[in-house]
Amino acid sequence: MFGEPVAHLWTWRLLLLLGCVCVSAAHDVPWSCPQRCDCHLETQEANCSQKYLAAVPEGFASDVKRLDLSSNRLKTLSRRQFYGLSKLLELDLSNNVLSMIEVEAFQGLPSLRVLKLKSNRLKIIPVGVFSGLSNLRSLDMSENELLVFLDHTFQDMVNLQQMNAGENDLVFISQRAFSGLPNLQELNVDRSNLTSVPVEALSQLSGLVRLRLRRLTIGALPNNAFHKLHQLRSLKILHWPSLDTVAANSLLGLNLTTLAISNCNLSAVPYAAMRHLVYLRYLDLSYNPISTILGSQLMDLLRLQELHLVGGALVRIEPAAFRGLPHFRLLNVSSNRLATLEESAFHSVGNLQMLRLDRNPLACDCRLLWVARRRVRLDFDGRQPTCAIPERVRGRRIGDFSEGELPVVFTCRQSYIPDRRPQEVLVEEGTTALFHCRADGYPAPSVTWLSTQQTMLTSMGRIRVLANGSLEVRYAQVQDSGTYMCLATNAAGNDSIFVKLQVQGFPRNRTAPYYPEIGWSTTGYPPSTNTSAQMANPYPFDAKTLVIATTMGFLSFLSSVAICFVFIFFWSQSKGQIKHTATIDFVPRSSMGGGGGDGDTGRFTMKLI
Ligand SMILES: *[C@@H]1O[C@H](CO)[C@@H](O)[C@H](O)[C@H]1NC(C)=O
Ligand SMILES: *[C@@H]1O[C@H](CO)[C@@H](O)[C@H](O)[C@H]1NC(C)=O
Ligand SMILES: *[C@@H]1O[C@H](CO)[C@@H](O)[C@H](O)[C@H]1NC(C)=O
Ligand SMILES: *[C@@H]1O[C@H](CO)[C@@H](O)[C@H](O)[C@H]1NC(C)=O
Ligand SMILES: *[C@@H]1O[C@H](CO)[C@@H](O)[C@H](O)[C@H]1NC(C)=O
Ligand SMILES: *[C@@H]1O[C@H](CO)[C@@H](O)[C@H](O)[C@H]1NC(C)=O
Ligand SMILES: *[C@@H]1O[C@H](CO)[C@@H](O)[C@H](O)[C@H]1NC(C)=O
Ligand SMILES: *[C@@H]1O[C@H](CO)[C@@H](O)[C@H](O)[C@H]1NC(C)=O
Ligand SMILES: *[C@@H]1O[C@H](CO)[C@@H](O)[C@H](O)[C@H]1NC(C)=O
């Protein structure tokens, strides 16, 4: 009955003793550390940075967690160089002169999470160098001289989340180079000598969330450039100085929330390529030579919140540019050439919180009154927009105007066409007609012409609007006839006038020149003929021919008649059968009656000599 508690006691003593042995062992054996390194037991770090090491030193404690070998003179890493450091989490080899890493150099580092190889002289990474790094999360290979990524280079890094391959001389990324990286979320390629987007290689990265491609010399984003990257949310294409083409289907398959294509050579917003990005919230197209943001073209980007187009060539943001964007709250268009930004560009300016409009040659008139009115509520990010015109307020900041000044400064004068004399022009087919339309107002109204079919006429084509607002109809055709409208529009209102064009068609296949052009001159000619009727019944001769023919016919008729009479006279004389009168029946012209044809014949008597 006593045996049991005694046995318990002994067991407890034994356990205690063992425990003491263990603890004292940990304290007694010193934490091993190579001579030239600084080791910190508490953090389990070994710091061998900047120690002029030409080779990796030996003798690290097997449970070291962080090893810093940066800024030394390491040239090579041999096979199983760090074997046995099974607890190592971080290894920093940056700023060395590594040009050669043997296959399986990192074998035996099952816990390694972070590997830094930045700023070395690596030209190539043989397949198998990274084998065994199945827990690596972050790999930095930037600032080397890498030329290619071979197939399966990163094969075993199933947990890799972040890769930096920037600042290399990459000319080629093999199609299967990125295979076996299902969890890679972030890839940065800054500066490389790639000449096309490595479409196939990228398509292996099915888990990629953020992609940054910077300083590439690629001129076009081809269709389906990023297909299969269904998880990608942020795409940054930065500093591609020759990128001028974004194919309409280049972003197909993507569901982005952030898109930046900045410091490139785009001359237009790539509306078509972005149309399906309905989750896009942030768009940056800064530093591209884009001159216009068109109206109603961004409305598919339902969730867009921010647009940055800084340092572009913007001269115009059209009305309804941001229509259909209820969440739009930040517009950053500083450093452009905008004269104004009209309230009508926005879906609702009530939602707009931040506006960067500084460094634009702004005209402070009624179009910017909405900004002035909101100058307290709107956040200008510390950069107030300033007026460039009118002269009397040049250089003044919009936020500094007092309430009383607003209705005096921010004004416009409605457009007005002062010359309202009727313009009715009759021209001959094939000649040129000119109509004038000059409008006053502030800001200077834009003049547009509408055709007889109400379509807007441009500065191109046979019927064109001249730079001074006049309308020119060249090689006038009969079907150009009709009423044209000149419309002068500015922010304060519009004005219009109507002009009339009548084009006189001429008969076809003429054999001699038509009437001289003088008679048909320009203004004030009343329409005299129904030209479309003439068109429908083309006359086989022209008028001059007709006149000549008629004249000649009449002369020959007279002479024939004369000869006839002479003949009859001599004949009657010779026969002796004398009849001194002849009676001729005729049908009178029905000028007074309508119908005629009721047998109302007249007659006259001729006396022969
Ligand atoms: C190692 O030491 C260097 C200076 O010798 C220091 O700059 C560096 O931050 C240290 N590394 C770590 C990981 O503490
Ligand atoms: C990569 O491009 C840079 C700059 O254009 C050039 O200096 C370098 O020689 C190129 N490298 C290769 C391998 O083509
Ligand atoms: C950008 O485009 C313009 C014309 O669109 C061209 O003249 C210029 O050379 C291009 N710039 C670059 C760096 O390709
Ligand atoms: C697109 O991305 C958004 C935001 O990350 C997400 O809510 C949505 O489900 C995604 N749609 C598809 C089809 O993947
Ligand atoms: C607007 O763009 C400029 C230049 O890119 C940047 O410095 C600034 O932070 C941006 N402003 C906002 C509010 O994002
Ligand atoms: C506009 O220019 C055209 C040709 O350049 C000229 O014939 C016309 O008279 C001009 N209109 C006005 C109103 O000056
Ligand atoms: C002209 O002005 C009226 C009222 O100011 C407006 O309703 C109309 O839409 C304007 N027309 C054009 C073409 O701008
Ligand atoms: C003009 O004459 C030619 C041949 O003489 C004929 O083929 C053509 O159809 C005529 N055109 C018209 C408009 O009558
Ligand atoms: C011209 O003639 C056509 C058909 O002959 C007729 O429909 C049209 O009303 C006429 N126009 C005028 C202005 O007389």
Side-chain angles (χ1 to χ4, degrees), residues 33-53 57 60 64-74 85 88-96 112-116 118-119 138 140 191 195 215-221 237-246 261-270 285 287-292 311-313 417-421 423 425 427 431-440 444-445 447-449 457 459-460 462-474 476 484 486 488 497 499 521-523:
C33 183
Q35 217 178 7
R36 291 158 84 175
C37 301
D38 306 322
C39 297
H40 306 277
L41 178 57
E42 325 79 64
T43 52
Q44 287 172 294
E45 276 179 23
N47 191 343
C48 318
S49 178
Q50 298 173 29
K51 302 294 183 200
Y52 306 99
L53 298 171
F60 291 106
V64 63
K65 286 193 172 152
R66 285 181 190 82
L67 178 52
D68 186 348
L69 285 162
S70 64
S71 306
N72 283 294
R73 296 167 180 172
L74 304 179
L85 304 183
L88 195 65
L89 297 176
E90 278 186 41
L91 176 58
D92 190 347
L93 291 161
S94 46
N95 279 310
N96 280 284
L112 197 67
R113 300 288 176 95
V114 178
L115 176 59
K116 296 178 185 169
K118 182 178 173 173
S119 196
S138 168
D140 187 351
R191 191 180 74 74
T195 52
R215 294 209 275 148
L216 303 191
T217 47
I218 297 175
L221 279 188
I237 291 171
L238 315 172
H239 293 272
W240 296 23
S242 46
L243 182 73
D244 52 16
T245 309
V246 175
I261 307 180
S262 67
N263 290 278
C264 297
N265 204 8
L266 299 185
S267 54
V269 177
L285 296 170
Y287 303 102
N288 279 292
I290 296 174
S291 61
T292 313
I417 301 170
D419 184 358
R420 311 192 77 83
R421 280 175 293 175
Q423 300 183 50
V425 174
V427 293
T431 59
T432 299
L434 197 62
F435 297 97
H436 301 297
C437 183
R438 203 181 49 76
D440 288 341
V447 170
T448 51
W449 284 89
L457 298 167
S459 58
M460 315 276 264
R462 196 171 55 79
I463 305 178
R464 57 177 188 165
V465 182
L466 301 177
N468 60 13
S470 295
L471 178 72
E472 186 185 60
V473 181
R474 290 181 295 166
Y484 292 77
C486 172
I497 56 167
V499 300
S521 72
T522 48
T523 44

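Just so you know, these numbers use all the heavy atoms, side chains as well, and skip hydrogens, waters and symmetry mates. Numbers here simply count residues along the sequence, with the first being 1. Note that ligands are numbered from 1 as they come in the structure, with each ligand's atoms numbered from 1 the same way.
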Checklist entry - Is the shortest heavy-atom distance from the side chain of Asn265 to the side chain of Pro241 under 4.5 Å? => result no

Checklist entry - To the nearest 0.5 Å, what is the distance between NZ (Lys65) and CD (Glu90)? => result 11.5 Å

Checklist entry - Short list, please: which atoms of ligand 6 are under 4.0 Å from a heavy atom of Ser470? => result 1 (C), 10 (C), 11 (N), 12 (C), 13 (C)

Next on the checklist: Counting C-beta onward and ignoring hydrogens, is there a side-chain heavy-atom pair between Val114 and Leu89 closer than 4.5 Å?
Outcome noted: no

Please tabulate, one line per pair, the protein nitrogen or oxygen atoms found under 3.5 angstrom from a nitrogen or oxygen of ligand 3, with distances to 0.1 Å, or say none if there are no such pairs.
from     : atom 1 : to     : atom 2 : distance (Å)
ligand 3 : 2 (O)  : Asn265 : OD1    : 3.3
ligand 3 : 2 (O)  : Asn265 : ND2    : 2.4
ligand 3 : 11 (N) : Asn265 : ND2    : 2.8

Next on the checklist: Looking only at the side chains, is there a donor atom on one of Asn95 and Ser70 sitting less than 3.5 Å from an acceptor on the other?
Outcome noted: no

Item to check | Gap separating the CZ atom of Arg191 from the OG1 atom of Thr217, nearest 0.5 angstrom | outcome: 10.5 Å

Next on the checklist: With nothing but distance in play, are any N or O atoms of Gln50 less than 3.5 Å from an N or O of ligand 1?
Outcome noted: no

Checklist entry - Can you find a pair of side-chain heavy atoms, one from Trp449 and one from Val499, that are under 4.5 Å apart? => result yes

Item to check | Arg438 to ligand 6, any heavy atom closer than 4.0 Å | outcome: no

Next on the checklist: Are more than 12 heavy atoms, taken from residues, nucleotides or ligands other than Arg421, located less than 6.0 Å from that residue's CZ atom?
Outcome noted: no

Next on the checklist: I'd like to check which ligand 6 atoms, numbered from 1 as shown, lie under 4.0 Å from a non-hydrogen atom of Leu466.
Outcome noted: 2 (O), 3 (C), 4 (C)

Next on the checklist: Please report the interatomic distance CG(Asn288) to CG(Asp244), rounded to the nearest 0.5 Å.
Outcome noted: 10.0 Å

Next on the checklist: With heavy-atom distances below 4.0 Å as the criterion, list the atoms of ligand 6 near Asn468.
Outcome noted: 1 (C), 2 (O), 3 (C), 8 (C), 10 (C), 11 (N), 12 (C), 14 (O)

Checklist entry - Can you find a heavy atom in the side chain of Cys48 that is under 4.5 Å from one in the side chain of Phe60? => result yes

Next on the checklist: Show the atoms of ligand 6 that are less than 4.0 angstrom away from any heavy atom in His436.
Outcome noted: 8 (C), 9 (O), 11 (N), 12 (C), 13 (C)

Checklist outcome for this item: Numbered in order shown, the ligand 1 atoms found under 4.0 Å of a heavy atom of Asn47 are 1 (C), 2 (O), 3 (C), 8 (C), 10 (C), 11 (N), 12 (C), 14 (O)

